[in-house]
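Here is the structure we will look at.
This chain uses plain numbering: 1 for the first residue, then up along the sequence.
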Amino acid sequence: MKEAKLTLDVNEKPPVLKWIILALQHVFAMFGATILVPILVNSTAGETVLTIPVALVTSGIGTLIYILCTKGKSPVYLGSSFAFITPIAVGAAKAGIGGAMTGVMLVGLIYIVVAIIISFLGKEWLKKLLPPIVIGPMIMIIGLGLAPTAISEIGISADVTAMDYKGVIVGVFTFLVTALVMLKGKGFLKVVPFLVGMVSGYVLSVILGIVDFTPVIEAAFFSIPDFVVPFISYTPTLGAALTIAPIALVTIAEHIGDHTALSTIIGKDLLKEPGLNRTLLGDGVATFFAGLLGGPANTTYGENTSVVGMTKIASVWVIGLAAIFAICLGFLGKFTAIVSTMPTSVLGGVALLLYGFIAVNGLKTLIENRTDFSKSRNVIIASSMLVIGLGGAVINIATVTVSGMSLAAIVGILLNLLLPKDSEEAVEETTVAQAKIEKDELKVAVDSKENKKGKNKKNKENKKQDRTEKEEVVVLDHPLVEHKLSILRDKNTGTKEFRELVSELGMFLCYEAMKEAELDDIEIETPIQKIVAKRLNEDKYAFLPILRAGTGMLDGLINVIPNAKIGHIGMYRNEETLEPVRYFFKVPSDIKNREVLVLDPMLATGGSGCDAIEQLKQEGVTKIKFLCLIAAPEGVKKMQEEHPDVKIYCAALDEKLNEKGYIVPGLGDAGDRIFGTK
């Protein structure tokens, strides 16, 4: 992963004044959502379950714990998680504050256990347990399940007999301000729309005279938060455990997504260093500690990720100071009393957007991962989860109750594990093509066009250097490609037809690989008039098939760029070690001045491809692309680790390698099928 251009890197400490200002930015970014969670939990439960001072203190301490667990290598602020609003409220209603906090601590332990398992077994099992078809509906249920609360807080629910017009005006005003900031806000304002909405709604509430300042007058300037400690304030009970604990699965998936996004921003793969096991451990210990003091579950914070992206300040020193500021705010009695006087209509106006925003994020998860609802299996899983989660389903097992979101999560996971998949679906699950390939294993193709909009053509090359460069995998997405691949995979396809299809697909890959080719202006004369046209300088390119199977793709590329020079590298795979063995290498003398397209039908273990690219780099080649028909995740991972600057183009990304190193489902040995040797 390339280093991003940061103003302050992860371990850089800024000058004192700048340090304070930057830390305050993070405090404001986290503040709105962190105080919303206890307020909304209490509103949903109809009683005080969480307090704002404790939420602030536990988020600050949790962030410091996270920094320690990740060895100061991940600039993340932990805040209160919206996913737990309903579960904590329901858990408190069923088993009291003790049940709710025991559930929160159990969530922290789940994080810790998952982190330990990942340390020993890796993270593949987690992807299979929590695919998009399970995570998407779970997130949707979180948002939609809270919808009645938002409507009730504004004061426009069906059970309202006498409408409070002042409250409705405040709620609508808060909603409009929040929406306007989300749409039109610039810079830091765009990061904190909910905070701006709340402050604006609160000011209008004061003007309309619906704020009671009595709690502010009675509050001390400094006060110790009302910590709720087990065995002192309550006796731990597992009565609400299954109501709260399963939501950890949702936040674990969000955790991976947030850290992937932050990795892109700072140019360092946080899932590898400090590692997903350490980042999850940080979240887990922080959440357990929060439950130990009576606070809400902690989570990676989207708003603060946005602040890092906006300011290019990735310093954990800044994050750490923000955490200390948050802890201090929790002890300011007057300040937290002011927050507690916020009218419910203000919260309703913000929640109207917030809860919908959460639900839409669940839908977005399904869309981005191309979940195919023409598949009956996907329809069964999603529809069952939505109906169970939103329909009020409850199962009582002795003293333990499972309901709503938690029951939907359990049902979704079980259905995903038990319902059979057809072979096409199994491939598609790992072939999430060019927009988004498995977040923590394969780097995603990043479309640089957004970064180029509005830039002067004269500065085009300079701007290219400034943007964050990402290694890419491009999977062809076209009905004709899928059609021809299906024939290619068929074991009954004969040698002649197989050879022709390999050549034809090679041509398609060449077209895709040349998408960003630079063209020269040249004057030509049409039958009508002279014009300046665009033309490719074919002498800038060379093709390098890896012998022997790579030559099968060569004719297709030559049809596209007939004047490109051709080199050859001879390699075979040791059947025992699966390592590549090189026996021939012949390339054009000026190869270092050319862009080279390396050809090999199969990217399996990645050994041959990586070795060929290494040979080219030793010859001075700096522009290399790798073209293959079918790739395996293992091969892609190896190539991206060893040659992150090389872009990979393939017609399909298959499921895995088998014990013999063949791609599954694959198409067999490409060389043997091209040349008819078996």
Side-chain angles (χ1 to χ4, degrees), residues 10 26 29-30 33-34 37 50 54-85 87-88 101-119 123 126-127 129-130 135 138-139 142 244-263 266 268-305 308 316 319-320 322-323 326-327 409 439-440:
V10 175
H26 281 276
M30 71 86 195
T34 297
V37 171
L50 302 172
V54 173
L56 289 169
V57 171
T58 53
S59 76
I61 295 176
T63 300
L64 296 177
I65 290 172
Y66 174 89
I67 290 173
L68 287 174
C69 288
T70 56
K71 302 183 290 186
K73 294 183 178 180
S74 180
V76 172
Y77 190 98
L78 300 189
S80 305
S81 174
F82 290 121
F84 291 94
I85 292 174
I88 291 176
M101 290 302 104
T102 304
V104 171
M105 287 187 283
L106 185 58
V107 167
L109 291 176
I110 291 173
Y111 266 71
I112 293 169
V113 169
V114 171
I116 293 171
I117 294 174
I118 288 174
S119 297
K123 47 188 176 282
L126 193 58
K127 295 177 190 174
L129 188 70
L130 300 172
I135 292 300
M138 286 170 75
I139 297 173
I142 291 171
I244 300 174
I247 309 306
L249 301 176
V250 178
T251 49
I252 285 173
E254 290 180 335
H255 174 102
I256 295 171
D258 288 336
H259 282 77
T260 301
L262 186 59
S263 296
I266 69 173
K268 296 177 180 177
D269 193 344
L270 299 175
L271 298 177
K272 289 185 178 179
E273 183 60 37
L276 181 58
N277 57 328
R278 283 190 169 273
T279 61
L280 277 174
L281 178 67
D283 262 23
V285 176
T287 293
F288 182 85
F289 185 82
L292 204 61
L293 295 183
N298 281 321
T299 188
T300 305
Y301 226 67
E303 283 85 348
N304 279 275
T305 300
V308 173
V316 291
I319 302 292
I327 295 169
K439 288 184 178 179
D440 58 335

Worksheet, complete the sentence: For Leu68, the side chain to side chain contact (heavy atoms under 4.5 Å, CB included) test, sequence neighbours excluded, returns none

Worksheet item: For Ile67, which residues count as a side chain to side chain contact (heavy atoms under 4.5 Å, CB included) partner, sequence neighbours excluded?
Response: Thr63, Ile319

Item to complete: Report the distance from atom CG of Leu271 to atom CG of Leu276, rounding to the nearest 0.5 Å.
Response: 5.5 Å

Item to complete: Just do the side-chain contact (heavy atoms from CB on, under 4.5 Å) check on Thr299 and Leu78 with the steps written out, would you?
Response: CA-CA 5 Å; Thr299 188; Leu78 300 189; over 6 Å; no

Practice prompt. Can you measure from OG1 (Thr70) to CG (Leu280) and round to the nearest 0.5 angstrom?
Written response: 11.5 Å

Fill in: Atom pair CG (Asn298) and OG1 (Thr287), whose distance is rounded to the nearest 0.5 Å
5.0 Å

Worksheet entry | For Ile266 against Pro75, the heavy-atom pair lying closest together | CD1-CD, 4.1 Å

Worksheet item: Can you find a pair of side-chain heavy atoms, one from Ile327 and one from Ile61, that are under 4.5 Å apart?
Response: yes

Worksheet, complete the sentence: Residues Pro246 and Ala409: closest non-hydrogen pair is CB-CB, 4.3 Å

Practice prompt. Can you see which heavy atom on Tyr66 is nearest to which on His259, and at what distance?
Written response: OH-NE2, 2.6 Å

Worksheet, complete the sentence: Contacts satisfying side chain to side chain donor-acceptor pair (under 3.5 Å) that involve residues 273-285 (not counting sequence neighbours) are Lys73-Glu273, Ser119-Asn277, His255-Thr279, His255-Asp283

Worksheet item: How long is the gap from CD1 on Ile252 to OG1 on Thr300, to the nearest 0.5 Å?
Response: 11.0 Å

Discussion item. Set out, in order, the CA-CA distance, both residues' side-chain angles and the distance that settles side-chain contact (heavy atoms from CB on, under 4.5 Å) for Leu50 and Met101, then state yes or no.
Written reply: CA-CA 10 Å; Leu50 302 172; Met101 290 302 104; 3.6 Å; yes

Item to complete: Any chance you could measure Ile247, atom CD1, to Ile142, atom CD1, to the nearest 0.5 Å?
Response: 5.5 Å

Worksheet item: For Tyr111, which residues count as a side-chain hydrogen bond (donor to acceptor under 3.5 Å, both in side chains) partner, sequence neighbours excluded?
Response: Thr251

Response to the item:
Those residues at least two apart in sequence (or on a different chain) that pass side-chain hydrogen bond (donor to acceptor under 3.5 Å, both in side chains) with Ser59 are Tyr77

Worksheet item: Where do Ile65 and Gly282 come nearest, in terms of heavy atoms and distance?
Response: CG2-O, 4.3 Å

Item to complete: Answer yes or no: is there a side-chain heavy-atom contact under 4.5 Å between Val10 and Ser74?
Response: no

Worksheet item: Do the non-hydrogen side-chain atoms of Leu106 and Phe288 ever get within less than 4.5 Å of each other?
Response: no

Worksheet item: Between atom CD1 of Ile256 and atom CG of Leu270, what is the distance when rounded to the nearest 0.5 Å?
Response: 13.0 Å

Discussion item. Please evaluate residues Ile88 and Val104 with respect to the criterion side-chain contact (heavy atoms from CB on, under 4.5 Å), reporting the C-alpha separation (whole Å), side-chain torsions for both, the decisive distance (0.1 Å), and the verdict.
Written reply: CA-CA 8 Å; Ile88 291 176; Val104 171; 3.9 Å; yes

Discussion item. Just to verify, what does Ile112 make a side chain to side chain contact (heavy atoms under 4.5 Å, CB included) with, not counting sequence neighbours?
Written reply: Leu109, Ile116, Leu281, Val285

Discussion item. Under the criterion side-chain contact (heavy atoms from CB on, under 4.5 Å), I'd like the reasoning laid out for Lys268 against Leu262: C-alpha separation, chi angles, the key distance, then a yes or no.
Written reply: CA-CA 8 Å; Lys268 296 177 180 177; Leu262 186 59; over 6 Å; no

Worksheet item: What's the shortest heavy-atom distance between Val37 and Pro296, and which atoms?
Response: CG1-CB, 3.9 Å

